[in-house]
Amino acid sequence: MKRQNHNNDRPTIGGDKGVIKLKNSKEESLLRRHPWVFSGAIATLPPSLEEGDVVTVTDSQGNVLGTGHYQIGSIAVRILEFGVSTLPEDFYFNRLLSAFRLRESLGLVRADNDCFRLVHGEGDFLPGLIVDIYGHTAVMQAHSPGMHYARNEIAEALTRLPGARIRNVYYKSETTLPYKADLGAENDYIIGGYDGNIATENGLQFNIDWLKGQKTGFFVDQRENRKLLEKFAKGRKVLNMFCYTGGFSVYAMRGGALSVDSVDSSTKAAALTDANIALNFADDPRHKTYAEDAFKFLNDMPADKYDLIILDPPAFAKHRGAIKNGLVGYRKLNAKAFEKIKPGSILFTFSCSQAISRDMFRMAVFTAAAKSGRKVRILHQLSQPADHPIDISHPEGEYLKGLVLYVE
Ligand code: SAH
């Protein structure tokens, strides 16, 4: 495997490339600590500015608003620190340390839990950066050129976090960086290398495939919801739709489900689910995997076969323009489940589409329920876990929503 090119680092701390001045009265959102500067708000750019540079942003009078990463596009600056014109030298280390301390205080760093999100972009005041921890390996994704240029410094800081025991940093930004920036990022280890890929979540083991898997290799964001599902699983016949790594299935098995069927259209995902079931419940006849389309599976299955169904599809609306079609998708999917689920059942249903609000999702699910004629009650309203925090100045950070429903 080719090594990451370390030569195109740029000084990112204290190496400010100048000042971006905003148009008159365009400072409002920054004063409210929203971390994005849109290109339309900018009056003047310094002449030698390049994508990924650290810049200072001022209002039209020259008052300093903050310092952040510049990039070409609609979001022109992502603010790293408000009210300053340079970043301290230990900026990344300190931000990462406070993110780690938060995870420790949330009780996520334990011998039986070494799998959590360490950095959730804006939610950890590090816009453009995602870091997930799997045992001794950190998987890091840059979404902005500025974070790309800072990657080696960030990786090195990760290995210095006291108590985090991070030995390997895998950089996975080939598909997350803006394509036009042409940064030539290659997925590879920046520090260390492969040294095992099994992580532990709430005492359950998972093979994490950061090399070929989706996102950083695992959907850490469903951890608390999987734990809740475990409590509902006893004595139930479970159907885990869109299973990916089989996270919900493994928890359902531990919770004492009578049977667990996992469905994903991807054969790779089906194989990952099989591997994770084998890791925790080798040769347990209660589990079966189906590499099939979810809608086809729901259509073909007999009614009343399952009394606990999980619907955790990929984002049906990836941007605002897709909201209408996305809602139709959620309505149809949930309608199928309401049509087929056994009376006295539990339905866990999710949307991870950022563009679809909590209310819109509820409306889609409730419309599906009303059409089915079933009597439905809400038992729990679910969200993303605390290691995916939402900065109140950046409500766009909220994306995961779910409902646990009781269907008569
Ligand atoms: N529930 C999973 C995450 C789901 S990610 C977890 O807890 O980790 C969404 C999954 O849906 C992906 O694995 C993808 O392969 C699968 N998928 C996408 N379209 C599908 C379809 N039409 N039918 C079945 N699975 C599908």
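For the numbers below, each heavy atom of this structure counts, side chains included, while hydrogens, waters and symmetry mates do not. Just so you know, ligand 1 is whichever comes first in the structure, and atom 1 is the first atom listed for that ligand.
Judged by distance alone, the side chains of Tyr399 and Ser351 never bring a donor and an acceptor atom under 3.5 Å apart. If you check the side chains of His148 and Tyr171, you find a donor sitting under 3.5 Å from an acceptor.
If you look at ligand 1, the protein residues with a non-hydrogen atom under 4.0 Å away are Gln214, Phe219, Arg226, Phe242, Cys243, Tyr244, Thr245, Phe248, Asp264, Ser265, Ser266, Glu292, Asp293, Ala294, Asp312, Pro314.
The backbone N or O of Ala269 lies less than 3.5 Å from a partner atom in the side chain of Ser266, making a donor-acceptor pair. Ser173 places no side-chain N or O within 3.5 Å of a backbone atom of Thr176 that could act as its donor or acceptor partner.
Ring geometry, Tyr134 versus Phe218: the interplanar angle exceeds 60°, so the pair is classed perpendicular (tilted spans 30 to 60°).
Residue pairs meeting the ring pair (Phe, Tyr, Trp, His ring centres under 6.0 Å) criterion with at least one member in residues 236-286, sequence neighbours excluded: Phe219-Tyr244, Phe248-Phe350.
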